[in-house]
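So the structure is just underneath, and the comments pick up after that.
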Amino acid sequence: MQLVDQAKVKSKMQTRLAQNKILKGVFFGATMLALVVLVILLYRIFTQGIGYLDIEFFQNFASRFPEKAGIKAAFFGTLWMMAVIAPVALTLGVGTAIYLEEYAKKNKLTTFIQINISNLAGVPSIVFGLLGLTVFVRMLEMGRSVLAGGLTMSLLILPIIVVAAQEAVRSVPKELREASYAMGATKWQTIKKVVLPAAIPGILTGGILALSRAIGETAPLLMIGALTFVAYLPENFLSGFTVMPIQIFNWTSRPQTDFHDVAAAGIIVLLAMLLIMNSIAVLIRNKFSKRL
Amino acid sequence: MQGSVRQMIKDKKEKNQSRMKFMEKLVPGLLLLCAIISVLTTLGIVFTLIVETITFFNRVSIIEFFTNKDWYPFFGDNPDYGIWPLISGTLMITGIAMLVAIPLGLAAAIYLSEYASDSVRRIIKPILEVLAGIPTIVYGFFALTFVTPVLQNVIPSLPIFNALSPGIVVGIMIIPMIASLSEDAMSSVPNAIREGALGLGATRFEVAVKVVLPAALSGIIASFVLAISRAIGETMIVTVAGGATPKLTLDVTESIQTMTSYIVQVSLGDAGFGTTIYYSIYAVGMTLFLFTLIMNLIAQYISRRFREEY
């Protein structure tokens, strides 16, 4: 008596193995397709923009002539924005994280704040623009200024920083805190002198990534009314301003295709800046990840 | 001598004590204040949207908003405020994006979690993260200057501004999101289950599709819903490449307008403070906010409710 029909099993086996092999290829292809798109995108932008990328591009303001158009105002506008976003968002974000991780008891308020933060992370950025326009520009009368834009962006990236900082604080071992308490330190002393220094690499990594997200965001600042044609540098936090993504948007939406090349040059600068910031974040993560 | 050292320590301690006590009380309060800011932000968003939307509905009837099939706010004397063209534009972009992102993202997730070796995963995952970190204005530029011309080679009648090109690019933008969230869900399926199936003679593909996918389904669906929410709220790609023609259409080659790109259009122009057009962006923003909020809540519900416990 033959229990197994060898021939049948063999033929079935072959089709199943072939199916596995083919679909492995399909899945690999799909993964690669995403990477190919990335390569095409970068290649296109570099070949298109490299011609306009020279010293003058950084020294010139916006212009009606593509050859004279530069990114100076937008570049410095971005730096001014960072000067607002970094301290505001980091203080609020780290403060929230420490409160939630170290002080908050598990009650309804804490749960509510936590749920609220994860919901806030899913709100479209343009809605933050509407908030900024209404509250900062109109109600608090900051005008279309660096400050109004920076505060709006700070709120936008707040959830990212809170989550990153929470993780960093949570990963500080309990023993360090207990040792500190045993030495007679108070709670705040422990947090300030033990927990925070140990959590700093994680907080910085998350903070830099969040900041680079803010640098690339365009929509909320368009709402705030960051100007699209600026031929001066901001003088203080209440000055009008523009930033690199908005300058790029402006160049992109012009009908003359020459400006598309200028936009590509701007994109190279923007991407280079993001790449540098991301590398710094990765470096911090690698340098400190083995300690503790 | 000994006494004086003790005295010095005691003095110093007393001096610090009162300040320390003060700090211990003050700091939690300050930190709570930080935490409250995020709640205030949400309240601020909800209140500004509600208040300004009410002002809008005092001028334009809510019935017109939901029944009129035209959206022509710039028609001087007789403007039309029917939200449907903007909703249909938004959903069309979202639909195209999902057609691109779900198969590709899921395939990438299956490859990364079931087939790829550790070293391959360690190379590919960061590259996908780069894809996710590219500013959307760059994707918009890419859609307008590369994808649209390529598509025009295939469909010669395609206008410069259309729904197809930004839809595809939004899809590309959210591939990493679906891939990485689904991959997380799939790799949290314990290896014992995989090994059980492999031990019974299943192929890798059968394990992936018949065992791992069903086990990770809640996480995968949650990633789809989050991606949909992201696509609905996406602004710059559709503003740059989608055009500004609010139209109730199913034709993907036509120029359309989404809720987000309408808001940008108004804020770029000179719709003065206090005009009906100015308030209309809040009504549109409210609609957008509700759409994405519902999606986010659904995603949270799915991943909480259907989380498989192993």
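Quick caveat, the model's predicted, so the values are computed rather than measured. Naming: A, B, ... by sequence-line order, numbering from 1 per chain. What you see below is based on every heavy atom in this structure, not just the backbone, and it leaves out hydrogens, waters and symmetry mates.
- The part of B/Ile175 that comes within reach of chain A is its side chain, from C-beta onward, which places non-hydrogen atoms under 4.5 angstrom from that chain.
- Counted by atom type alone, A/Thr134 and B/Thr48 present zero donor-acceptor pairs between their side chains at under 3.5 Å.
- For A/Thr91, the part lying under 4.5 angstrom from a heavy atom of chain B is the backbone only.
- If you measure heavy-atom distances from A/Thr252 to chain B, the contacts under 4.5 Å come from both the backbone and the side chain.
- For A/Met32, the part lying under 4.5 angstrom from a heavy atom of chain B is the side chain only.
- Between the side chains of A/Thr242 and A/Gln247, no donor-acceptor pair of N or O atoms lies under 3.5 Å.
- Contact tally against chain B (heavy-atom pairs below 4.5 Å) for A/Ile248, A/Val26, A/Leu35, A/Ile98: the top residue is A/Leu35.
- Of the listed residues B/Met236, B/Glu114, B/Glu129, the one with more heavy-atom pairs under 4.5 angstrom with chain A than any other is B/Met236.
- In this structure, chain B has a heavy atom under 4.5 Å from the side chain of A/Arg44, while its backbone stays farther away.
- Among the candidates A/Val162, A/Leu130, A/Leu155, the residue making the largest number of heavy-atom pairs closer than 4.5 Å to chain B is A/Leu130.
- Proximity to chain A (any heavy atom under 4.5 Å) is restricted, for B/Leu144, to the side chain, taken from C-beta onward.
- With a threshold of 4.5 angstrom between heavy atoms, B/Phe141 approaches chain A through its backbone and through its side chain.
- Chain A forms the most heavy-atom pairs under 4.5 Å with one residue out of B/Val120, B/Ile36, B/Ile37, and that residue is B/Ile37.
- In this structure, the portions of B/Ile127 lying under 4.5 Å from any heavy atom of chain A include both its backbone and its side chain.
- Listed here is the closest heavy atom pair of B/Thr90 and B/Met259: OG1-N, 3.0 Å.
- For the options B/Gly201, B/Ala208, B/Gly44, B/Ser38, heavy-atom pairs under 4.5 Å to chain A are most numerous at B/Ser38.
- Interface remark: B/Leu30 contributes no atoms to any contact with chain A (heavy atom separation under 4.5 Å).
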- Task: Walk me through it: do A/Ile161 and A/Ile157 pass the test side-chain contact (heavy atoms from CB on, under 4.5 Å)?
- Result: CA-CA 7 Å; A/Ile161 297 190; A/Ile157 61 169; 4.1 Å; yes
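- If you tally non-hydrogen atom pairs under 4.5 Å between each of B/Leu33, B/Val39, B/Thr292 and chain A, the highest count goes to B/Val39.
- When heavy atoms are compared at a cutoff of 4.5 Å, B/Glu52 approaches chain A solely by way of its side chain, counted from C-beta outward.
- Contacts of B/Glu206 with chain A are made by side-chain atoms alone, with heavy-atom separations under 4.5 Å and no backbone atom involved.
- Across B/Gly285, B/Gly233, B/Pro135, the residue that shares the most heavy-atom pairs under 4.5 angstrom with chain A is B/Pro135.
- B/Thr145 touches chain A through backbone and side chain together, each having a heavy atom under 4.5 Å away.
- Minimum interatomic distance between A/Leu41 and B/Phe142 (heavy atoms only, all atoms of both residues): CA-CE1, 3.5 Å.
- Within the 4.5 angstrom heavy-atom criterion, atoms from both the backbone and the side chain of B/Ile45 approach chain A.
- With a threshold of 4.5 angstrom between heavy atoms, B/Glu234 does not approach chain A through any atom at all.
- In this structure, the portion of A/Ile45 lying under 4.5 Å from any heavy atom of chain B is its side chain and not its backbone.
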